[in-house]
Amino acid sequence: MPLLYRLLYFFTTSFAFAVGGYYLLLSLKPNQDVFGAMFRMFVYHRQYPISYITIVCAVFSVVASLGVRLFQRETTQGRIALTAGIIVVTILISSPLGGILWQYHDIMEGYWPGPYGWKKLFVKGPLWGLSGGWLIILFSIPYSYVGAVVGYFILSYGSRLFGPGKPVVVYTADANLDVTN
């Protein structure tokens, strides 16, 4: 049960900050250039930003939930390094999934690959996502960089909530239940 709480905390907070930050930057930056893109690339991640944000936040919630117990035991330098590691693992896992979603959006726009559509989705999509997804994240200035700092603080607060030996309080209609990690 505590793993579920960690997943929900990391997903909801990262998603709220990511979507809020996206719309804040969208209001400040002209031409919807919040996310980076490669030259001559169809920018489906600009047309459907919430879908791509959801993938990254879902992967982040899983990786952060597994790494949050280490966070509290580290020094400040160790926490920064752990945050960087969690971000790198999140990018490596979410990029192929984003590539699949990009290929799906490409197919929905009319670029149907014929009888081998599954190959475009499940072979080309992850490969393209892995080869270019990290670049798009790198080019998403200042969105990704502010997101990395916010991710550090989300992890920091999550480590205080879900650190070793911390009780998880569940509020029900009848009573407060104390569930230890």
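Residues Asp33 and Leu25 are not in side-chain contact: their nearest non-hydrogen atoms beyond the backbone lie 4.5 Å or more apart. Looking at Leu3 and Arg6, their side chains come closer than 4.5 Å, going by heavy atoms from C-beta outward. Under the 4.5 Å side-chain criterion, counting only non-hydrogen atoms from C-beta, Ser144 is not in contact with Leu138.
In this structure, Ile91 CD1 and Ile136 CD1 are separated by 11.5 Å, a value rounded to the nearest 0.5 Å. Within the model, atoms CD of Glu109 and CD1 of Ile107 stand 11.5 Å from one another, a figure rounded to the nearest 0.5 Å. Distance check: Ile93 CD1 to Ile55 CD1 gives 12.5 Å after rounding to the nearest 0.5 Å. Atom CD of Gln72 sits about 10.0 Å away from atom CG of Leu161, to the nearest 0.5 Å. Rounded to the nearest 0.5 angstrom, Ile137 CD1 and Tyr145 OH are separated by 10.0 Å. The distance from the OG atom of Ser94 to the CG atom of Leu101 is 11.5 Å, given to the nearest 0.5 Å.
Following chains of ILVMFWY side-chain contacts shorter than 4.5 Å, one can reach Phe162 starting from Ile154, so the two form part of one hydrophobic cluster.
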**Asked** Please walk me through it: do Ile50 and Phe15 pass side chain to side chain contact (heavy atoms under 4.5 Å, CB included)?
**Response** CA-CA 9 Å; Ile50 303 303; Phe15 185 76; 3.9 Å; yes
**Message:** Using side chain to side chain contact (heavy atoms under 4.5 Å, CB included), reason through Ile53 and Tyr143 one step at a time and then give a plain yes or no.
**Reply:** CA-CA 11 Å; Ile53 290 172; Tyr143 184 79; 3.6 Å; yes
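Atom OH of Tyr104 is surrounded by 12 or fewer heavy atoms from other residues, nucleotides or ligands within 6.0 Å.
Phe35 pairs with exactly one of Trp102, Tyr22, Tyr48 by the ring-ring contact (aromatic ring centres under 6.0 Å, His included) rule, that one being Tyr22.
Proximity of a side-chain donor or acceptor of Ser95 to a complementary backbone N or O of Leu92 within less than 3.5 Å is not detected.
Note on ring orientation: taking the six-membered ring where Trp is involved, the planes of Phe60 and Phe10 are perpendicular (angle over 60°, cut-offs 30° and 60°).
Minimum interatomic distance between Val62 and Leu7 (heavy atoms only, all atoms of both residues): CA-CD2, 3.7 Å.
Taking the side chain to side chain donor-acceptor pair (under 3.5 Å) definition, one finds that Tyr157 meets it with nothing, sequence neighbours left out.
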